[in-house]
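Chain letters run A, B, ... following the sequence lines, proteins first, then strands; residues in each count from 1.
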Amino acid sequence: MIDLTKKNLYRGIPAAPGIKIAKAFLFKKEIEKVVDEKITNVEEAIESFVEALEKSKKELAKVFSLAVDKLGAKRAELFEAQIMILSDQILIDRIIQRIREEEKLAEYIVHDEISKYQELMARSDEEYMKERSHDIEDIKNRIIRNIRKKKWKSRITDEEVILVSDVLTPADTVLFSRLKVTGYVTEFGGLTSHAAIVARSLNVPAVVGLHDATEIINNNDKLIIDGFNGIVVVNPTTEQLEYYLDKLNKLDEENENLAKLRDLPAETLDGRKINIYANLDMNEELELIIQNGSEGVGLMRTEQIFQEYDSFPSEEEQTEVYSNFSQKLYPLPLTVRAFDIGGDKVLPVDVKEPNPMLGWRGIRFLLDNKNLFKSQIRAVLKASIHKNIKFMIPMVSSIKEILETKELVAECKKELTNEGVSFDDAIEVGIMIEVPSTALMVKDFAKEVDFFSIGTNDLIQYLLAVDRGNEIVTGQYQEFHPAVIRTIKYIINEAKKTQTKVTLCGEMAANYKALPLLIGLGLESISVSGPVIPHAKEIIRALNYAEISGFVTECLSCKTEYEIHQKLEDFYSEKFKESSKEFFN
Amino acid sequence: MIEKKVTIINNAGLHTRPAATIVKIASQFKSDFFIRKDGLNINGKSIIGVMTLAAGKGSELTLTFEGEDEEQMAEAVTDYFNRGFDEL
């Protein structure tokens, strides 16, 4: 173990995973100092101010297009507001008026006037207002620098460096992403700060919220950044270095082993092929998913889009997101799940329900908000031109809901045809099986849909009448309850009879004990989070289908979860090393 | 002069996007437009001004409009507030 009490070891918030050892590059924002000085040529000062605004607009436009490229249009929106400030006529007129009246340096007036707004922002208790104040600081410095006709110099060489800064503005972070920055350490910020988001999307480790980082760390100090644990070691001892080099080696080795699995099929010893898809939340995971050898996306959660951006995305914005994913994945399939709102997920409207889990969620909410639902259907259809998109409906509990949904899909198709917009007319529409009523009526649903996806988390909760979030009854939430296993078996069998495809996308598919059981039940397709894929493959490749299907028959006759649990535990430890468990929970 | 009281009803509050939209709507009119909150009086045609307003869900703001097209302006702006910035 590493000595965590050493004086050169500091802790911050782990914001992006990974370990790197490199030199520190201290990025201190050159704060443009201004002096309160009288001038004689007022018109010249005004002219240089106006020119500086134009120059700043051009610079930001460049950053903006780079940001659209790297982060997507939605996140780049932030820069648009900054560009708008440069055209804020009220602000501009006020500054020009003050230069004229006070006969002072343009940079002094700019500094004084904009700082007033920053003070107002800094006074707020809201965290995002402080972040916003930093953004305004960025604009202010940019204008002042341009009044002085100075260029912003990046002193970063070709060497790999770990960037250390008090705070990173979005513009900085985007610009640095082009350089060889292999890690980020910042004094301010949390998991949702710009630096954290960008670091994760670029796959480099980051530790944020490390107080006084720029005081503690000097330029060219040797740093170890441990993004898994939020640790930064400054000028490490031989012992610390050895510890981390060893850790890096193990990490490489593990990645190498898993990389070997990447191109191998998920196939049992006796040749039964299992399709492994990925569950997907955000843009940045896509690369990783492809690297891990996924066969496509089995579940794309779209409610994330508006949770991250605080608002409902418009049809155009959605189209862009889905198209982007569909293109990047092509020819692999992308299963888009309709907004699954409600229950434990945030409702966009303020409704207090006594029992949200049994309330207004999933398809129920969508059918009551037809305009919103239609905007999503239309966006999915518009993005479907490459014919690799499927559409999935959550929380369906009766046939009526799927019939109404299909009607809406038909309506949207008609509208798009009239508008002359092309789409995939044969787009597959499927449902999540999460409610016992739907599980019981699988055969009937099969006539109406193209595919099923079993959502085990909710299915278990509704089948056993146990609220997962209720600590008093967590013991009753039994993944291996005989009724759960038998229900899954029933769904798989009935679907097979009607030749409807079934995937399982709940946490159960990522459980090392459950996986052999599920495969033994006849499941041919699972969807799990990206990092689990290689591990799931490893397990599948060590199984013998003929053997486990016999074993599963035994489990199906068990009457208690305990028996099933024991059987699975024994089976697993016979087959696999202890170590492979670590990656599952 | 027209004075209107509005309440922020969308979950995310007056964040960057609605701030920008308010300014864009207001700029289509000739009249003056101010937003008052907690003793601050902010010019509603100034993006940097509107951005200083930390107005979360449930916050109450007073809007004032004055000028030749104040009625149309008041209607367009309050309508946008009442629609929850199109985020409901």
**Prompt:** Which heavy atom of A/Met121 sits nearest a heavy atom of B/Thr52, and at what distance?
**Reply:** CE-CG2, 3.5 Å
**Complete:** Turns out that what part of A/Ile136 lies under 4.5 Å from chain B's heavy atoms comes down to side chain
**CG/A/Asn371: more than 12 non-hydrogen atoms of other groups inside 6.0 Å** = no
**Item:** Over 12 non-hydrogen atoms of neighbours within 6.0 angstrom of NZ in B/Lys4
**Value:** no
**Message:** Working to the nearest 0.5 angstrom, can you tell me the gap between B/Asn43 CG and A/Leu91 CG?
**Reply:** 10.5 Å
**Prompt:** Are more than 12 heavy atoms from other residues, nucleotides or ligands located less than 6.0 Å from atom CD of B/Glu75?
**Reply:** no
**Asked** Looking at A/Ile90, A/Ile139, A/Asp88, which one forms a side-chain contact (heavy atoms from CB on, under 4.5 Å) with B/Ile48?
**Response** A/Asp88
**Asked** Are B/Met51 and A/Gln82 close enough, and set up right, to give a side-chain contact (heavy atoms from CB on, under 4.5 Å), and what steps lead you there?
**Response** CA-CA 11 Å; B/Met51 278 174 78; A/Gln82 290 202 12; over 6 Å; no
**Message:** To the closest 0.5 Å, what do you measure between OG (B/Ser46) and CZ (A/Arg94)?
**Reply:** 11.5 Å
**Request:** Looking only at non-hydrogen atoms, find the nearest pair between A/Tyr117 and B/Gly49 and report the distance.
**Result:** CE2-CA, 3.7 Å
**Request:** Please indicate whether A/Gln97 has more than 12 foreign heavy atoms, meaning atoms of other residues, nucleotides or ligands, lying under 6.0 Å from its CD.
**Result:** yes
**Prompt:** Where on B/Leu40 is there a heavy atom nearer than 4.5 Å to chain A: the side chain, the backbone, both, or neither?
**Reply:** side chain
**Message:** For a quick test of reading the model, state the closest non-hydrogen atom pair linking B/Leu14 to A/Arg132 and the distance between them.
**Reply:** O-NH2, 3.9 Å
